[in-house]
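All figures in this text were calculated on a predicted structure; none of them were measured in a lab. Along the sequence shown, the residues carry numbers beginning at 1.
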Amino acid sequence: MNNINLRQLEVFVTIVERGSFTEAASTLYLAQSTVSSHIHALEEALHVCLLNRESKKKLILTEDGKRVYHFAKDIVDKCTRLESELDGEDRKELVIGASSSPSQELIPALTAEFLKTHPNCCCTILDGNSEEIQQMLIDHKIQLGFIGTSDNLQTLTYECVAEDHLVLITCNNEHFRSLQDENILGKQLLREPFIFREPNSATQKHADNYLSSLEPDNEINVAAYVSNTNTMLGLVEKGIGVAIVSYLTARERIEDGTLLYFELDNVPLSRNIYMARLRKGYISNTAREFAELARDFREK
């Protein structure tokens, strides 16, 4: 009996309730191979077969599997209640990180929705560029990171939770208003002074890739490099230069008329916003629930 552990029971219960190994792996933030290993270990420890593996389309429990599920569900639920009692609802904490684009609208919206059902949770939101957020995950400073790029680091997994696109923004003056009335594209304004983010910014990387795909004789006049998005928006507003930014980043100032925007090309330059986490390692129930909410936002 020493070979049975709570994690095995939790995995088994999640497989039954989610209906598949794939869904259980996603819910528990485990590799599918790890989920399979837990089930094999549990079957060996109990000397029974829990699942009918002849059925390819639908997960079917054996009679032994049904009995084990009954006990496993009771044990997992009691342990969950025990954890909740010891932790105390007033001490729950969520620590996440976000780069500039998701921090403007996505994270505030997710946090507001999350706190409706978790009013006693204290949320800590750390900011940085996409590279810094990924490093925070690796250093275990945060459990979830929301970023504008997928660097495919082997220690992390990435899941698309929102869509965005890049635009060129300008100050709201007569010159740019007239160009907007002419339906000028952003790529036709490349001779304007430019304000760039620092190289580690995901937005800047996307912008650089786009600019490098254009005609090679387009020489960019860089007026300033900045590390802060709000500084960039402020410089553009003052007429120092134009900038390529995430639409979500500038949306509020665009809608209130402070800034104008131009689509860069005939086809919008779209990109994804990702939720990143460690491929292996512990994730709290609170972070897991926040991740589920982020997935639901993606589906709405």
Side-chain angles (χ1 to χ4, degrees), residues 95-108 124-139 141-142 144-153 155-156 158 160-171 186-187 189-214 216 218-254 258-262 264-265 268-277:
V95 183
I96 63 175
S99 61
S100 59
S101 297
S103 67
Q104 296 297 315
E105 289 199 9
L106 177 63
I107 295 304
T124 299
I125 303 169
L126 304 180
D127 61 6
N129 59 46
S130 292
E131 186 174 295
E132 291 168 339
I133 295 301
Q134 290 173 95
Q135 190 60 49
M136 289 181 194
L137 284 166
I138 294 170
D139 294 339
K141 293 181 179 179
I142 58 177
L144 298 171
F146 294 83
I147 52 180
T149 187
S150 169
D151 287 343
N152 292 321
L153 300 180
T155 54
L156 303 178
Y158 303 84
C160 177
V161 292
E163 295 179 353
D164 190 14
H165 70 288
L166 301 188
V167 296
L168 184 140
I169 57 170
T170 72
C171 64
K187 68 179 181 180
L189 301 175
L190 298 185
R191 296 191 182 278
E192 297 287 340
F194 261 79
I195 300 166
F196 282 165
R197 284 284 306 277
E198 80 281 7
N200 292 332
S201 159
T203 300
Q204 190 57 52
K205 289 178 182 178
H206 284 286
D208 289 342
N209 289 337
Y210 173 73
L211 293 173
S212 65
S213 71
L214 301 177
N218 285 317
E219 185 175 344
I220 305 297
N221 173 21
V222 181
Y225 290 98
V226 299
S227 60
N228 182 278
T229 301
N230 287 327
T231 301
M232 170 183 274
L233 298 179
L235 291 175
V236 174
E237 183 181 338
K238 296 297 183 182
I240 305 301
V242 302
I244 296 176
V245 301
S246 152
Y247 179 79
L248 292 177
T249 298
R251 180 175 177 175
E252 186 174 338
R253 298 197 194 200
I254 290 171
T258 304
L259 297 174
L260 301 178
Y261 85 97
F262 297 78
L264 284 164
D265 221 316
L269 194 61
S270 61
R271 67 165 186 173
N272 294 327
I273 301 296
Y274 295 94
M275 176 173 64
R277 55 180 174 80

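Taking 4.5 Å as the limit, some side-chain heavy atom of Ser101 sits within range of a side-chain heavy atom of Arg271. Taking 4.5 Å as the limit, some side-chain heavy atom of Met232 sits within range of a side-chain heavy atom of Val245. Contact check for Leu144 versus Arg277: side-chain heavy atoms found under the 4.5 Å cut-off. Side-chain contact between Lys205 and Asp151 is present, with at least one heavy-atom pair separated by less than 4.5 Å. No side-chain heavy atom of Ile195 sits under 4.5 Å from any side-chain heavy atom of Thr231. Counting heavy atoms from C-beta on, the side chains of Leu189 and Phe262 come closer than 4.5 Å.
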*Verdict with reasoning, Ile169 to Thr249, per side chain to side chain contact (heavy atoms under 4.5 Å, CB included)*: CA-CA 11 Å; Ile169 57 170; Thr249 298; over 6 Å; no
*asked:* Using side chain to side chain contact (heavy atoms under 4.5 Å, CB included), reason through His206 and Leu269 one step at a time and then give a plain yes or no.
replied: CA-CA 9 Å; His206 284 286; Leu269 194 61; 5.7 Å; no
_Run Ser100 and Arg197 through side chain to side chain contact (heavy atoms under 4.5 Å, CB included) and show every step you take._
CA-CA 11 Å; Ser100 59; Arg197 284 284 306 277; 3.2 Å; yes
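Scored by the side chain to side chain contact (heavy atoms under 4.5 Å, CB included) test, Glu132 finds Asn129 as partners (sequence neighbours excluded). With sequence neighbours left out, Glu105 forms a side-chain hydrogen bond (donor to acceptor under 3.5 Å, both in side chains) with Arg251. With sequence neighbours left out, the side chain to side chain contact (heavy atoms under 4.5 Å, CB included) criterion links Asp139 to Gln135, Lys141. In this structure, the side chain to side chain contact (heavy atoms under 4.5 Å, CB included) partners of Ser103, at least two apart in sequence or on a different chain, are Ala98. Under the rule for a side chain to side chain contact (heavy atoms under 4.5 Å, CB included), the partners of Ser130 that lie at least two apart in sequence or sit in another chain are Ser99, Gln134, Ile147, Thr149, Ala202.
Rounding to the nearest 0.5 angstrom, the gap separating the CG atom in Leu137 from the OG1 atom in Thr155 is 8.5 Å. The OH atom of Tyr274 sits 13.5 Å away from the CG atom of Leu156 when rounded to the nearest 0.5 Å. Here CD1 of Ile273 is found 8.0 Å from SG of Cys160. Values are rounded to the nearest 0.5 Å. Summarising the geometry, atom CD belonging to Gln204 is positioned 9.5 Å from atom CG belonging to Leu166; distances are rounded to the nearest 0.5 Å. Taken from CG in Leu248 to CD1 in Ile254, the straight-line distance is 9.5 Å, to the nearest 0.5 Å. Note that the CG atom of Leu233 and the CD atom of Glu252 stand 10.0 Å from one another [nearest 0.5 Å].
Atom CZ of Phe196 has more than 12 neighbouring heavy atoms from other residues, nucleotides or ligands inside a 6.0 Å radius.
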Distance-only criterion, 3.5 Å: show the donor-acceptor pairs between side-chain atoms of residues 234-244 and protein atoms not counting sequence neighbours.
unit_1: Glu237; atom_1: OE1; unit_2: Arg253; atom_2: NH1; d: 2.9

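Ring orientation note: the planes of His165 and Tyr247 are close to parallel, at an angle under 30° on the 30°/60° scale.
Here the closest non-hydrogen pair linking Ile142 and Ile133 is CD1-O, 3.7 Å.
Of the N and O atoms on the side chains of Tyr158 and Asn272, not one donor lies less than 3.5 Å from an acceptor on the other residue.
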